[in-house]
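Just so you know, ligand 1 is whichever comes first in the structure, and atom 1 is the first atom listed for that ligand. The analysis underlying the following values was restricted to heavy atoms, covering all of them including side chains, and did not include hydrogens, waters or symmetry mates.
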Amino acid sequence: MTKNGHQRLVIPGPVEVRPEILEAQTEWMIGHRSSVFADLFARLQTKLRQAFLTESRVFVSGSSGTGLWEGASRNCIRDDRKALHLVGGAFSERWAEISQLNGKQVDVIEVEWGQAHTPEMVADALRQSAYDAVCVVHNETSTGVTNPIQAIGEVVRQYEDTLLLVDTVSGFLGTELRTDAWGIDVALTSSQKAFALPPGVAFAAVSDRVLERAQQVKNRGYYFDFIELDKSLQKNNTPSTPPVALMFAADKQLDDILAEGLENRWARHHHLRDLTHQWALSRDFGLFAQEGYRSNTVTTIENTRGIDVNDMAKFMKGKQFEMDKGYGKIKGKTFRIAHMGDMQASVLEEVLSGLDEFLGV
Ligand SMILES: *Cc1c(COP(=O)(O)O)cnc(C)c1O
């Protein structure tokens, strides 16, 4: 493989991709109207359903996750109705903005960064007003908070007309998510975070209820029209040219993920999280996210030692690790350690001992 001065990515996306996955992208190109492509699509479909724990369908989108945010908002929210967005960090905030920019009416339940949303908050809002959709981020990457999706799902499922839309971009496969069992209507993810693929392809598990809803929405746009995506999907195809090389990579990555086993994968991430927490607390750092809701895939460390995060990142670069310095308004006050995707304990331990060297402990 070519060498671009390999820095091992410890940032929360894009994450490190294993060489064999990068390699899988170098297959000879195939035409996407060929039977070889249909076979690839069908294989992927079976594995994606297992990964999302759904029996419905999983769209493959030649976009990043942001595209599917737009798709979910456009297809699921009718013009004269509203969506309820649960906002508590940079990503959940942006999704709410995207719904508005697509002309949708939006109410927001906002919590402070670092806090989780509770099912009670959602229950209160749904008692007061009718919503076409509740939009929630499973794992808020900017803060390291994991929202209680199963409990929120139990509340939303009591309302027949309300769809549950979940962004699991940085949670998917790193922490438990059961699409069908938890009553999730859209579960969307990007490739380059917890899925540990290169960027450029996104996936969404979509329920039958969503397709019924989409029929009632006039302006669904074209690129992310779920009705069109579904028509093509039934023929093992996509409406426009798909990211074939990335689909080769996904095919291989899903084999490895399913061989590891979903529950084992969740457990591995939980262990990585515990290692990171123990390290942070024993070095007199704090943990930014509310206790009980701390992410399996990314830990946001409260910079209680007042280290210079730029110096830290520079030091770690010397060890070929690319580090995060905190997101947006909490940059520097916090920094994040991503332990998602195919991260292994041995590599994380190398990261933490590098940080110890920087701290001089
Ligand atoms: C990164 C991220 C997104 C945006 O995904 P892109 O693939 O960059 O478009 C959305 N939601 C969450 C939680 C993220 O971490």
Side-chain angles (χ1 to χ4, degrees), residues 9-17 52 58-74 83 85-99 101-102 111 113-117 133-149 152 164-175 177 184 186-205 223-224 243 246-247 249-250 253 269 288-289 293-300 322 324-331 334-341 343:
L9 303 179
V10 191
I11 52 176
V15 304
E16 190 74 356
V17 178
F52 276 98
V58 182
F59 293 149
V60 178
S61 168
S63 70
S64 78
T66 302
L68 287 175
W69 266 344
E70 196 148 284
S73 299
R74 285 196 85 132
H85 275 265
L86 310 189
V87 172
F91 292 102
S92 43
E93 196 174 292
R94 197 179 303 162
W95 190 7
E97 193 188 341
I98 284 174
S99 288
L101 290 170
N102 277 284
V111 295
W113 282 35
Q115 304 295 299
H117 284 88
V134 172
C135 305
V136 53
V137 171
H138 180 204
N139 190 78
E140 177 50 78
T141 320
S142 59
T143 62
V145 167
T146 300
N147 276 308
I149 301 298
I152 290 171
L164 177 59
L165 316 183
V166 178
D167 163 332
T168 185
V169 169
S170 64
F172 184 60
L173 301 167
T175 191
L177 187 83
I184 299 170
V186 174
L188 65 91
T189 194
S190 310
S191 52
Q192 77 281 8
K193 298 203 185 159
F195 210 156
L197 288 166
V201 60
F203 306 89
Y223 196 65
F224 299 108
L246 288 164
M247 292 170 74
Q253 178 68 338
H269 283 82
F288 182 73
Y293 301 95
R294 291 176 183 152
S295 167
N296 257 7
T297 56
V298 56
T299 296
T300 303
E322 182 151 331
D324 169 76
K325 306 177 211 170
Y327 195 101
K329 66 183 184 190
I330 54 172
K331 183 173 180 180
T334 65
F335 61 97
R336 297 170 300 171
I337 295 180
H339 31 82
M340 61 177 80
M343 174 66 86

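- Between Phe172 and Phe203, the ring centre distance reaches or exceeds 6.0 Å.
- To the nearest 0.5 angstrom, Phe224 atom CZ is 6.0 Å from Leu68 atom CG.
- Here the straight-line distance linking atom NE2 of His85 with atom CD of Glu97 works out to 11.0 Å at 0.5 Å rounding.
- Protein residues lining ligand 1, listed by chain and number: Ser64, Gly65, Thr66, Trp69, Phe91, Val137, Asn139, Thr141, Asp167, Val169, Ser190, Gln192, Lys193 [non-hydrogen atoms, distance under 4.0 Å].
- For residues 188-204, there are no side chain to side chain donor-acceptor pair (under 3.5 Å) pairs, not counting sequence neighbours.
- Side-chain polar atoms of Ser73 and Asn102 form no donor-acceptor pair below 3.5 angstrom.
- With hydrogens and angles ignored, the 3.5 Å screen pairs no side-chain donor or acceptor of Ser142 with any backbone N or O of Tyr327.
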